[in-house]
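Structure first, then comments.
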Protein chains: 2
Amino acid sequence: MARKRVTLAQVAAEAEVAVSTASLVLSGRGTDMRISEKAQARVRDAAARLGYRPNAVSVGLRKGSTSTLAFVSDSVASSRLAGEMIKGAIEAARDRGYMVFVGETGGNVTLERQLLDAMVDRQVDGIILASMLTHGRSLPTGLDSTPAVLLNISIDGDPGIPVVVPDELQAGRDAATALVSAGLTDIHLIGAGPGLRDVRTISTAAHLRLQGILEVLSAHGLAPASGRAINQWLPPEGFRAADAILASGTPEAIVCFNDRLAMGVYQAIQSRGLSIPDDVSVVSFDDSSIAAWMRPGLTTVALPHRVMGKRAADLLVDAIEHDRAHPDEPGPTGVHLVPMPLRERDSIRARPGRD
Amino acid sequence: MARKRVTLAQVAAEAEVAVSTASLVLSGRGTDMRISEKAQARVRDAAARLGYRPNAVSVGLRKGSTSTLAFVSDSVASSRLAGEMIKGAIEAARDRGYMVFVGETGGNVTLERQLLDAMVDRQVDGIILASMLTHGRSLPTGLDSTPAVLLNISIDGDPGIPVVVPDELQAGRDAATALVSAGLTDIHLIGAGPGLRDVRTISTAAHLRLQGILEVLSAHGLAPASGRAINQWLPPEGFRAADAILASGTPEAIVCFNDRLAMGVYQAIQSRGLSIPDDVSVVSFDDSSIAAWMRPGLTTVALPHRVMGKRAADLLVDAIEHDRAHPDEPGPTGVHLVPMPLRERDSIRARPGRD
DNA sequence: AGCGCGTGCTAGTTCGTTTTAGCACCGTGA
DNA sequence: TCACGGTGCTAAAACGAACTAGCACGCGCT
């Protein structure tokens, strides 16, 4: 086993030309360099016959670029979401001819440093630094010597490189609009609120979602009927919060700050024999896999992780190519907001008597 | 920006020795090669001062090995599970000094070929070929020239390389035992069964789980009270199947072939005003994230994806090192069953009057 | 004085490719 | 007859590290 790889030298020998000739031909510069059609044909033929494939490591050494990206995140698998991001990035990278190294730091800064170093040692052409937490953090050093993109990380101040984040503000607006345009006015918030400062998580998502919601409500002369700031957005918390609301009457609508909270909210509502959406409407955020499985289907504003990953990889490759073409110019930058689409399912019902 | 990387030559110049001397010292063969302590100190000092890091690409070219693994799967993100596998593999790889390329084929054979080729072109030291479907499939060619491990793939016949799969047979036994030892005898199957041939999916998991269940039941003189083979294991199917069972009486216990089915089953039971586990006990497979969030917590046999990924990476590195040490010997092989632990939560109640 | 030997280091080749500079040949026009 | 220009190719130098073979030097011994 382990048939040795075919090298360019072998192809050249088989075609009876010099190595440099073979290289020229196979890299498409043959005609350009006035290699006769006959010789070119011989080389191509030999390459095909021997099943020649260029050794990417050697090319990487010679050219200094490896057609390789690094994807470093703090958590690959803690959520299905991270997987989607990676998938999006890998697909986009592949379409552009790049392979991707995936690394995971678990939030450990030392590990992040080591990983980044290991990636740079392997001459990656660019780096995607991703987080699952969308919170402000400081940027590791060394990201200025290699093209890089920040994914799902909102940095304080201008990082000087492209940043890809979901448009949480608009998502908040859309969730509130879905309720308001159904004629619902008695709206309760679970996860954050009722005021703009009532946020218990480090996530900036919470702030932005809340801001968007409040913006739309006040534009319609409304305010949240209640709100609970919660730091752990998990089903039991959702259950407790909803139960407390239900104890003092049936609300028209509940906004959950994520689908796990919504799951608990469903349980609380249904365990009281009430119906979603006939008695109370629910809207949420994330569109995690459970959202579609819940009964009735949960209307939720999706986090488009796949698209974000793809976007990041595309921006990174753009940056790499820009760098190659104009090594002195500063390179692309800016915050790229990815729209969060509203997935309308069956958890919102228009208020009878209104349209 | 983009400060050039420090090369060994620069370190050597700074330490006033030859490049070869610097190489020897930094690779630990200094004393071995009788380089004076003084010179060694100068080299190490210079390396530290300049922040020297060896260029992994160059080393890869020279040594032929790149400290890099490939993880190729048919679906990275279709389930949270795949992410866990990758995470396990990446962690184990990192602990052994390897970085990992992740690729995803979407089940497309052409793409798989291309990806595998691209990986081999980059001189990966080994390949993990993973699937999310645990079904028999044919092995791509070329896996014999590079160390490889199959992850979550059961191949027909001996692939000649290590294979890592979950122990579904024992999982089936454990699920059934959990019910039987609680004194439950009226046991209904949702997903497959009641007979050994009543399986509608291409997954071998279904067969093995069923086999394990039937084995334990018959060892106790029991047989399934009913069984429905289903090809799509999703909540609505679970709901329908459970509803049909409930229409003709209240069952003692239901085995769901995965957690999504169980989610539908919960909905069906609870919408009839019945209680889990007081009226009916439920056990399931997978331990997906929803299992812990359901009310009551779902007792389920976990698919240890993280452990499987870790195991695969460890076996692969073992194979690589074996290959390096004994290039002629055949290398490790065999099927490695990873135990599926039973996660006991609150969906099983012992039958009153029994122990 | 000459030989052998241990010590401490280095020159030079290799890995597989890209790329630049330029060689050898031929026909042509002066 | 010779410079000149075009044609078709190749030699050789990178890229950065690893590693083999072996050089120079000084010391002790005969």
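Throughout, a chain's letter reflects where its sequence line sits, starting with A, and its residues are numbered from 1.
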Problem set entry | Euclidean distance, B:Thr105 OG1 relative to B:Leu129 CG, rounded to 0.5 Å | 8.0 Å
Problem set entry | Protein-nucleotide distance (A:Leu24, atom CG; D:dA12, atom P), rounded to Å | 17 Å
Exercise. Would you call B:Glu104 and A:Arg94 a salt bridge, taking side-chain N to carboxylate O under 4.0 Å as the test?
Worked result: no
Problem set entry | Nucleic acid contacts - residues 50-69 of chain B versus DNA chain C, non-hydrogen atoms under 4.0 Å | B:Leu61, B:Arg62
Exercise. Are the side chain of A:Arg122 and the backbone N or O of B:Ala56 linked by a donor-acceptor pair below 3.5 Å?
Worked result: no
Sort me out a list of protein N/O and nucleotides 22-26 of chain D N/O pairs below 3.5 Å, or just none if empty.
none

Problem set entry | Of residues 7-18 of chain B, the positions that come close to DNA chain C - non-hydrogen atoms, cut-off under 4.0 Å | B:Val17, B:Ala18
For this session: Flag yes if more than 12 heavy atoms outside B:Glu321 fall under 6.0 Å of its CD atom; otherwise flag no.
Result: yes
For this session: Please evaluate the base of D:dA18 for a donor-acceptor partner in the side chain of B:Ser27 within a cut-off of under 3.5 Å?
Result: no
Problem set entry | Interatomic distance, A:Ile35 CD1 vs D:dG6 P [rounded to whole Å] | 18 Å
For this session: Apply side-chain contact (heavy atoms from CB on, under 4.5 Å) to the pair B:Val120 and A:Arg5, showing each step before the final yes or no.
Result: CA-CA 10 Å; B:Val120 173; A:Arg5 272 185 84 86; 3.4 Å; yes
Exercise. Which atoms form the tightest heavy-atom contact between B:Ala92 and B:Ala313, and what is the distance?
Worked result: CB-CB, 3.8 Å
For this session: Specify the separation, in whole Å, of atom CG of B:Asp32 and atom P of C:dC9.
Result: 15 Å
Exercise. What is the distance from CD of B:Gln40 to C1' of C:dT10, rounded to the nearest Å?
Worked result: 15 Å
Exercise. Would you say a side-chain N or O of B:Ser23 is under 4.0 Å from OP1 or OP2 of D:dA17?
Worked result: no
For this session: Mark yes or no for whether B:Arg306, through its side chain, and B:Glu84, through its backbone, hold a donor-acceptor pair below 3.5 Å.
Result: no
Exercise. B:Leu26 has an atom CG; how far is it from atom P of D:dG16, in whole Å?
Worked result: 16 Å
For this session: Please work out if A:Ser36 contacts a base, only the sugar-phosphate, or nothing of the nucleic acid, heavy-atom cut-off 4.0 Å.
Result: sugar-phosphate
For this session: Whole angstrom is fine here: how far is it from NZ in B:Lys38 over to P in C:dG8?
Result: 11 Å
Exercise. Rounded to the nearest Å, what distance is computed from the CZ atom of residue B:Arg29 to the C1' atom of nucleotide C:dG8?
Worked result: 15 Å
Exercise. Considering only side-chain heavy atoms of B:Thr21, which listed nucleotide, C:dT10, D:dC9, C:dC9, is closest?
Worked result: C:dT10
Exercise. Quick one: does A:Arg96's side chain have a donor or acceptor within less than 3.5 Å of a partner on A:Asp314's backbone?
Worked result: yes
For this session: Let me see the working for A:Ile161 and A:Leu150 under side-chain contact (heavy atoms from CB on, under 4.5 Å), right down to the final yes or no.
Result: CA-CA 7 Å; A:Ile161 56 177; A:Leu150 259 28; 3.8 Å; yes
Exercise. Should A:Glu14 and A:Val11 count as side-chain neighbours, where that means a heavy-atom distance under 4.5 Å?
Worked result: no
Exercise. Does any N or O in the side chain of B:Thr66 come within less than 3.5 Å of the main-chain N or O of B:Gln123, such that one atom is a donor and the other an acceptor?
Worked result: yes
